[in-house]
2 protein chains.
Amino acid sequence: MFEHCLYFNTTSLARKVDRIWTRAFKPFGLTPSQAFMLRVVLAEGPITHTHLADRMNISKATCSRSVDGLQKLGLVDRKQTSADGRSFELVSTEKAQALNAELNETSAAVTKKLKHLVGNEAFETTVTNIKGINAAID
Amino acid sequence: MFEHCLYFNTTSLARKVDRIWTRAFKPFGLTPSQAFMLRVVLAEGPITHTHLADRMNISKATCSRSVDGLQKLGLVDRKQTSADGRSFELVSTEKAQALNAELNETSAAVTKKLKHLVGNEAFETTVTNIKGINAAID
DNA sequence: CGAAATTAGTTGCATAGCGAACTAAATGGA
DNA sequence: TCCATTTAGTTCGCTATGCAACTAATTTCG
């Protein structure tokens, strides 16, 4: 019945990959959501809440609370910018920087395993297509 | 940085389509999750919790609580099977059956709009590919 | 300049989701 | 038969997510 439904198939796949990356990041004490948010800050920070929320395609409410979590874990800091009294710049801590390489390797290892299961070309094509739909809608 | 990441792109798209279908089903007083679960019961019921959870690729815990919600809304009932004292069969109520056609039309209308934005062929191809990855992994 | 509108971020309240621990029923051997 | 194992479903405690309403700072413009 839902063979051709974007919602059904996409949310199903999202749950599946979330479970897989959850196991992968468990040794770090991080959820995939936290791990990816941290990776963005590590790779692209300093970055404001608003930009981070845009980058991850989450609401600013979710962003704010996720940053609370990472800050509690000692992985990011909120630095007041001199330019604008309303906004913060998020910066990674040394503790986070020490994890950077290993986080990237862990995610790459998961990807490699999935590519093996799915087939290299099908994997690449599909991710590209998903990215395309992401860009086209909303 | 995450251009080729399955997790990043899939979860992002899932959030996006969830927001879109949330707006679409709002007039029914249903979340997309509830609406799709109900549609499965309408189309494929009577069905047990276990089969429904498999069909939707959710845990039985989530399934159980989602069914609570639909039951509270008067849209499904849990019928004790005579065969097995542990399990229920989920059946749609008349109230739910009265919504069936309109739910299907609403989802079809959203799909049509998205196909227009994305392009028919790209849409179909991508959903098929997503379905393929869903089947290949885990 | 100063009031109105916009923008950045937080908080309240809700649903969706998972794993783990649990209860109760059914099944499978010895 | 009866105990051990499996299976169906629920409950607990947690994170992720969104919208709406809020505060505070900044910007716009008459």
Side-chain angles (χ1 to χ4, degrees), chain A residues 7-8 10-26 29-38 47-54 56-73 78-90 138, chain B residues 7-8 10-26 28-38 47-54 56-73 76 78-90 138:
Chain A
Y7 177 89
F8 200 83
T10 300
T11 58
S12 176
L13 182 58
R15 288 189 287 275
K16 214 169 266 193
V17 299
D18 192 72
R19 292 195 288 263
I20 293 171
W21 260 272
T22 294
R23 286 195 291 274
F25 286 124
K26 190 146 205 171
L30 293 172
T31 63
S33 179
Q34 292 174 325
F36 275 87
M37 181 170 279
L38 179 56
I47 186 174
T48 63
H49 279 201
T50 298
H51 286 132
L52 183 54
D54 281 355
M56 313 258 326
N57 183 35
I58 56 179
S59 69
K60 54 194 183 143
T62 298
C63 185
S64 180
R65 271 189 282 244
S66 301
V67 169
D68 288 347
L70 288 175
Q71 195 168 30
K72 220 165 276 170
L73 291 170
R78 286 169 160 102
K79 290 262 187 262
Q80 190 84 49
T81 65
S82 47
D84 188 331
R86 292 167 299 180
S87 75
F88 301 100
E89 301 241 287
L90 302 169
D138 168 312
Chain B
Y7 177 90
F8 200 83
T10 300
T11 57
S12 176
L13 182 58
R15 288 189 287 274
K16 215 169 264 193
V17 299
D18 192 72
R19 293 194 287 261
I20 294 171
W21 261 272
T22 294
R23 287 195 291 274
F25 286 123
K26 188 147 205 171
F28 298 92
L30 294 172
T31 63
S33 179
Q34 291 174 324
F36 275 86
M37 181 170 279
L38 179 56
I47 186 173
T48 63
H49 279 201
T50 299
H51 286 130
L52 183 55
D54 280 356
M56 313 258 325
N57 184 33
I58 56 178
S59 69
K60 53 194 184 142
T62 299
C63 186
S64 182
R65 267 195 281 243
S66 301
V67 168
D68 289 347
L70 289 175
Q71 195 169 28
K72 220 166 275 169
L73 292 170
V76 304
R78 285 169 160 103
K79 291 262 186 262
Q80 190 84 48
T81 64
S82 45
D84 189 330
R86 292 167 300 181
S87 76
F88 301 100
E89 301 242 287
L90 302 169
D138 170 312

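These numbers come from the heavy atoms of this one structure, side chains and all, not from hydrogens, waters or symmetry mates. Chain letters run A, B, ... following the sequence lines, proteins first, then strands; residues in each count from 1.
- For Ser87(A), no side-chain nitrogen or oxygen approaches OP1 or OP2 of dA8(C) to under 4.0 Å.
- Side-chain atoms of Thr50(B) lie closest to dA8(D) of the nucleotides dA8(D), dA8(C), dG17(C).
- Using a 4.0 Å heavy-atom cutoff across all strands shown, Thr22(A) reaches no nucleic acid atom at all.
- Atoms CD (Gln34(B)) and P (dT15(C)) sit 8 Å apart, rounded to a whole Å.
- With dG17(C), dT10(D), dT26(D) as the choices, the nucleotide that has an atom nearest any side-chain atom of Ser64(B) turns out to be dT10(D).
- Within the 3.5 Å criterion, the main-chain N or O of Ser66(A) finds no donor-acceptor partner in the side chain of Gln34(A).
- Listed candidates were dA16(D), dG9(C), dC18(C). Nearest to the side chain of Ser33(A) is dA16(D).
- At least one side-chain nitrogen or oxygen of Arg15(A) sits closer than 4.0 Å to the OP1 or OP2 atom of dG17(C).
- For the atom pair CG (Leu70(B)) and OG1 (Thr31(B)), the distance works out to 8.0 Å, reported to the nearest 0.5 Å.
- To the nearest 0.5 Å, atom OG1 of residue Thr81(B) and atom CZ of residue Arg86(B) are 9.5 Å apart.
- Contact check, Thr48(A) against dA8(C): no side-chain N or O comes under 4.0 Å of OP1 or OP2.
- Nearest-nucleotide positions on DNA chain D place Phe88(B) closer to the 5' end than the other of Thr11(B) and Phe88(B).
- The closest donor-acceptor contact from the side chain of Ser64(A) to the backbone of Lys60(A) lies at 3.5 Å or more, if one exists at all.
- Counting only heavy atoms from C-beta on, Asp84(B) has its side chain closest to dA25(C) among dT15(C), dA25(C), dT26(D).
- Between the side chain of Arg65(B) and the base of dG9(D), no donor-acceptor pair under 3.5 Å is found.
- Rounded to whole Å, the distance from CD on Gln80(B) to C1' on dT10(D) is 14 Å.
- Contact check, Thr62(B) against dG17(C): no side-chain N or O comes under 4.0 Å of OP1 or OP2.
- In terms of phosphate contacts, His49(A) brings a side-chain nitrogen or oxygen within less than 4.0 Å of OP1 or OP2 of dT10(C).
- Regarding contacts with the backbone of dC19(D), every side-chain N or O of Ser59(A) stays at 4.0 angstrom or more from both OP1 and OP2.
- Distance His51(A) NE2 to dA8(C) C1': 11 Å, rounded to the nearest Å.
- When atom types are taken as modelled, the side chain of Arg78(A) and the backbone of Gln71(A) share no donor-acceptor pair closer than 3.5 angstrom.
- For the pair Lys72(B) NZ and dA16(C) P, the computed distance is 12 Å after rounding to whole Å.
- Residue-to-nucleotide contacts include a donor-acceptor pair under 3.5 Å from the side chain of Arg86(A) to the base of dT7(C).
- Residue Arg19(A) contributes atom CZ, which lies 10 Å from atom P of dG17(C) at whole-angstrom precision.
- Checked against dT11(C), dG19(C), dG9(C), the side chain of Lys60(A) finds its nearest nucleotide in dG9(C).
- Heavy atoms of Arg23(A) sit nowhere under 4.0 angstrom from any nucleic acid atom.
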